[in-house]
Amino acid sequence: MATRYDPQAAESRWRAAWDAADLFRAKSPAEAGDAPKAYVLEMFPYPSGRLHMGHVRNYAMGDVVARHKRANGYNVLHPMGWDAFGMPAENAAMQRGVHPGKWTYENIAAMRAQLKKLGLSLDWSREFATCDPEYYGAQQALFLKMMEKGLVYRKASKVNWDPVDNTVLANEQVVDGRGWRSGAIVEQRELTQWFFRITDYADDLLEQVRKLDRWPEKVRTMQANWIGRSEGLQMRFEFSGDAPEGFESGVEIFTTRPDTLFGASFIALSPDHPLTLQLAAGNNALTHFRAECAAVGTSEEAIEKAPKLGFDTGLTVQHPFDPERTLPVWVANFVLMGYGTGAIFGCPAHDQRDIEFARKYGLDVTPVVLPPDAAAASFSVEDDAYTGIGTLFNSGFLDGLAIDDAKRQAVAKIESLGLGEGKVNYRLRDWGVSRQRYWGCPIPVIHCAACGIVPVPASELPLRLPDDVAFDKPGNPLDRHPTWKHTTCPSCAGKAVRETDTLDTFVDSSWYWARFASPDDMAERAYWLPVDQYVGGVEHAVLHLLYARFFARAMRDVGELDLPSGEPFAGLFTQGMVTHETYKAANGDWLEPSEVANKDGAWFEIATGAPAHVGPIEKMSKSKKNTVDPDAIIQAFGADTARWFVLSDSPPERDVEWTQSGAEGAARFVQRIWSIFDGLPETAAPAPGTDAASIALRKASHKAVAAIDKTINEFRFNSAVAGIHEWVSVLKKAEGDTGATLGARFEGASMLARCLVPFMPHLAESCWERLGGDGFVSAAAWPTPDPALLEDDSVTMAVQVNGKRRGEITVSKALAKDAVEAAAHAEPDVAAFLEGKDIKKTIVVPGRIVNIVVA
RNA sequence: GCCUCUGUGGCGGAACUGGUAGACGCGACGGAUUCAAAAUCCGUUUCUGGUGACAGAGUGCCGGUUCGAGUCCGGCCAGAGGUACCA
């Protein structure tokens, strides 16, 4: 009598059994013996309160790797924790009056419960949250060590300032140049802030990223571009009239195109350049212009996309190569103070931003690079700068040179004139870590009027956040706390105040991977690190990963980590998002998937019966109401179904669209698998037969195991899923056999149970139990296919005539090339196309294809 | 704006290093089983033309390299991620 598999009952039973057996605890190096280690880590979640499908996908993928490694004999570390500091907790405090700590820990409890239902093979004994005082205390100690090492400093830096709420805004809180709550036009304001010297490691971070061969190529390219090493020229332009005070030697610029110096038509200063500030002091128009620039906010995107704005200072500088020429000095909103020297020379003909600026303000445009096929007399630049290769012209001593040669000659000339020198510059800026917020790691320093900046003594760490804080008004609660910041100087015992900035939450996630390996034991950290497989969203491809790489180096250099390479993640996989259709009511409001239904192809709103629109497929997000709650799916179908679905269909690196029917299909497949095991007699497994049907079935099983193994190793889980589908169909068909293949069916089922472990671990245990297998299948070894069963002796090859498929032949693999050619020519469907034609040649690719070329 | 990536049936996607385009799943259609239904099982399903064997077209668009291109090269178009205070 066929039975149904009951996911809810089976899943909770197996999870309890795994817990009782402490199955997924990482072994210590001593316990592990000869077993190789594998550290599998997924990016830990921000505890928003609810698990979403993106988490399910991320952790399901990591679990496939962890379970597969474990089955292959590795000592696996697979930990979980919480990226628990951050703005949403403060927003909740402001909106609902709940304390950020309470809100966060409640969210963690809720999400931990949800996560546990997924049956992930996690070592929960290492769990922590970054808002735990033990964690942020260790982070404060690390900060002080980095400070001692000279990796930390303070400098003035700009923030988005909301003049109504009197608070600093994050870039995402600036919407169209206005504060998200107050609606006030956002200003830029300078504050003295803390920085990490990530640029000290710029060269090494760039050099090493090339060697991370188990990282996606695109992430390595993005990191390299972000660091942005460029060789150029730093030089000064001397003023042609009276120089402004303090700038007697001229204005310093940096350029990567010294070859285009003869095409220079203006100098542009950043609105924040010291000279700009000096000129603005006595100039209302310029002051006004600076304010206009500042109203764009601080994000690079906003600054770059803003229309080009300029202000003519009236000053002029001398062209270095031509005493007859002077260039006007402008202030331009697209010149960033943070890059190079905060000043450039503009060559409109060969730079897109410069041409837009020059056309707007009527500045000269002189082309100096001639494209290979252009004529010097007729070549001109209108609205599109020419940035390609070519030969220099209109350029005096550089005429006729290629760009690279011209760059060298120009730099040499400037150097001989004593006006500057060749210089390497980076796009990468030092990492600003100050945040004027409460829910973050307090920066452990004290400001003393007499002693300056004094570290909080190690004995006083962790320096805890005060619990009694009010969020009734915007601004930094730490700063306005009645007592917390008032203290005495550890050095002179005089009155002093604490730093009230907290650390960027990117700091918290920059070293948690080391803390998981061990809270403080250097040997244990050395054993586990680097992480063998890191899995997370591609949205972290630049910042988080770069910061973590910096921290690994900094920790190594302050003696916190024995990791010579400085690379925390040996293998990286970046997964895509989970998306879903969006739905809108007639009035334009977003609707949840559960609020709409489809009848005869038309969507309507269930509550009202009114028609609804289907919108584009987008990343699941609360604002668009297109989220699917994993809890509801687990409730309805079980965790295995949810895991299976998010791994099927889409390649892991791409987005996956959640569909209800897809989930139902996955649930059906769970039952189909169970029916294979349920359909076997409850007897001991006989040895597989040697008849043709048994051999064919065994070949299918052994090939399937090999293919699944390969696709898991290549992170192609969707292909592994397809392979299991095909295999199950073959096993299912064999149920009709008269009994000769029973041994082969048992063998296939046993292999299948073990191959299911990474994907549907609960079902795999139930299947294993039904087979009478030893212990937990979660602890069983991966099946080993028999090489003899993986080979076929004949092969089917397509036959093409002039590249079009006209037939196929099945031949022995060992057949010689000319015999294959003869067989192809003789194949009736092919021969019809060859009749009366002249065969010019025949290409035979053994085992793949035959292509006959006819006239 | 800039950096990176993606684009294949009605839908999600497969196709190893340039070698049979559409595996596998979803949906749809047809059938079996059933008193009936649910569940399950089997089959068909890129498009166009043809009763049919079959023929032609086809991997975002335009062009190129090759015996052969979804795959390589050049140029476009569209969408996504990042853009340093969302995480």
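Just so we're on the same page: letters track the sequence lines, and every chain starts at 1.
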Whole-Å gap separating P (B:rC86) and CZ (A:Phe506): 8 Å
Rounded P spacing from B:rG70 to B:rC2 in Å: 31 Å
Nucleotide nearest A:Lys732 when distance is taken to its side chain, options B:rC41, B:rU83, B:rG81: B:rC41
Interatomic distance where CG belongs to A:Leu546 and P belongs to B:rC3 [whole Å]: 18 Å
Nucleotide nearest A:Met222 when distance is taken to its side chain, options B:rA87, B:rG81, B:rC24: B:rG81
A:Gln575 CD - B:rC5 C1' separation (whole Å): 15 Å
Minimum-distance nucleotide to A:Asn225 side chain [options: B:rU4, B:rA23, B:rG12]: B:rU4
Watson-Crick/G-U partner (both atom distances under 3.5 Å) of B:rC67: B:rG19
A:Gln352 (side chain) and B:rG1 (base): donor-acceptor pair under 3.5 Å: no
Closest-nucleotide 5' rank along RNA chain B - winner of A:His725 and A:Arg435: A:His725
A:Asp678 and A:Thr3: side chain donor to acceptor below 3.5 Å: yes
Atom pair distance, as rounded to whole Å: CZ in A:Phe717 and C1' in B:rC24: 17 Å
Distance between P atoms of B:rU40 and B:rC77 (Å, rounded): 49 Å
Check ion pair A:Glu304-A:Arg353 (N to O, under 4.0 angstrom): yes
Nucleotide of B:rG12, B:rA84, B:rA14 approaching A:Asn171 most closely (side-chain heavy atoms): B:rA84
Sugar-phosphate, base or nothing in reach of A:Phe833, heavy atoms under 4.0 Å: sugar-phosphate
Rounded distance in Å - CG (A:Asp504) to P (B:rC86): 9 Å
Among B:rU20, B:rC86, B:rG1, the one nearest A:Glu808 by side-chain distance: B:rU20
For B:rA37, the Watson-Crick or wobble counterpart (both distances under 3.5 Å): none
C1' atoms of B:rA87 and B:rA23, separation to the nearest Å: 38 Å
Short N-O contact, A:Lys732 and A:Glu735, less than 4.0 angstrom: yes
Between B:rG25 and B:rG63 - C1' atom distance, rounded Å: 37 Å
From B:rC86, B:rA21, B:rU83, nucleotide with atom closest to A:Arg805 side chain: B:rA21
Among B:rG1, B:rG13, B:rU4, the nucleotide that comes nearest once only the side chain of A:Arg654 is considered: B:rG13
A:Ser794 and A:Thr810 side chains, donor-acceptor separation under 3.5 Å: no
Which nucleotide in B:rA23, B:rA55, B:rA84 has an atom nearest any side-chain atom of A:Glu726: B:rA23
5′-ward residue of the pair A:Val219/A:Arg427 relative to RNA chain B: A:Val219
Touch class at under 4.0 angstrom, heavy-atom based, for A:His544 against every strand present: nothing
Charged N-O contact under 4.0 Å between A:Lys308 and A:Glu356: yes
Pull out every protein N or O sitting under 3.5 Å from an N or O of nucleotides 64-74 of chain B, one pair per line with the distance.
from   : atom 1 : to       : atom 2 : distance (Å)
B:rC67 : O2'    : A:Asn851 : ND2    : 3.3
B:rC67 : O2     : A:Asn851 : ND2    : 2.6

Base-pairing assignment for B:rU51 (Watson-Crick or G-U wobble, both under 3.5 Å): none
Working for ring pair (Phe, Tyr, Trp, His ring centres under 6.0 Å), residues A:Trp644 and A:Phe669: CA-CA 9 Å; A:Trp644 185 256; A:Phe669 190 61; 5.4 Å; yes
Ion pair check, A:Lys703 and A:Asp792, cut-off under 4.0 Å: yes
Separation between the C1' atoms of B:rG81 and B:rA28, rounded to whole Å: 35 Å
Rounded distance [0.5 Å steps], SG in A:Cys131 versus CH2 in A:Trp439: 4.5 Å
Positions of residues 668-677 of chain A (non-hydrogen atom under 4.0 Å from RNA chain B), listed by number: A:Arg668, A:Arg672
Sugar-phosphate or base contact per nucleotide [nucleotides 58-63 of chain B; S, B, -; heavy atom under 4.0 Å]: ------
Touch class at under 4.0 angstrom, heavy-atom based, for A:Val159 against every strand present: base
Validation row, ring centre A:Phe573 to ring centre A:Tyr534 under 6.0 Å: no
Whole-angstrom distance between B:rC72 and B:rU8, as gauged at atom P: 16 Å
Check: A:Gln193 main-chain N/O paired with A:Lys155 side-chain donor or acceptor under 3.5 Å: no
Residue A:Lys218, side-chain atoms from C-beta onward, closest of B:rU4, B:rG19, B:rU83: B:rU4
Pairing partner of B:rU44 (Watson-Crick or G-U wobble, both distances under 3.5 Å): B:rA28
Phosphate contact (B:rA87 OP1 or OP2) by A:Thr505 side-chain N/O below 4.0 Å: yes
Syn or anti conformation of B:rG13, syn meaning chi within 90° of 0: anti
Pairing partner of B:rU83 (Watson-Crick or G-U wobble, both distances under 3.5 Å): B:rG1
Spacing of A:Lys733 atom NZ relative to B:rU40 atom P, expressed in whole Å: 17 Å
Watson-Crick or G-U wobble partner of B:rG7, both distances under 3.5 Å: B:rC77
Salt bridge flag under 4.0 Å for residues A:Glu301 and A:Lys305: yes
Protein-nucleotide distance (A:Trp439, atom CH2; B:rA87, atom C1'), rounded to Å: 16 Å
Within the 6.0 Å centroid threshold, strictly below: A:Trp431 and A:Phe195: no
Test item: A:Met43 and A:Asp83 side chains (from C-beta on) under 4.5 Å apart, heavy atoms: no
Under-4.0 Å salt bridge between A:Asp504 and A:Arg435: yes
B:rU17 to B:rG27 separation - C1' atoms, rounded to the nearest Å: 36 Å
Gap in Å between the two P atoms, one belonging to B:rG18 and one to B:rG7, rounded: 16 Å
Between A:Tyr5 and A:Phe677, ring centroids under 6.0 Å: no
Flag side-chain contact, heavy atom, 4.5 Å: A:Val801 against A:Val853: no
Between B:rG18 (P) and A:Ile849 (CD1): distance, integer Å: 15 Å
B:rC24 phosphate, OP1 or OP2, under 4.0 Å from A:Asn718 side-chain N/O: no
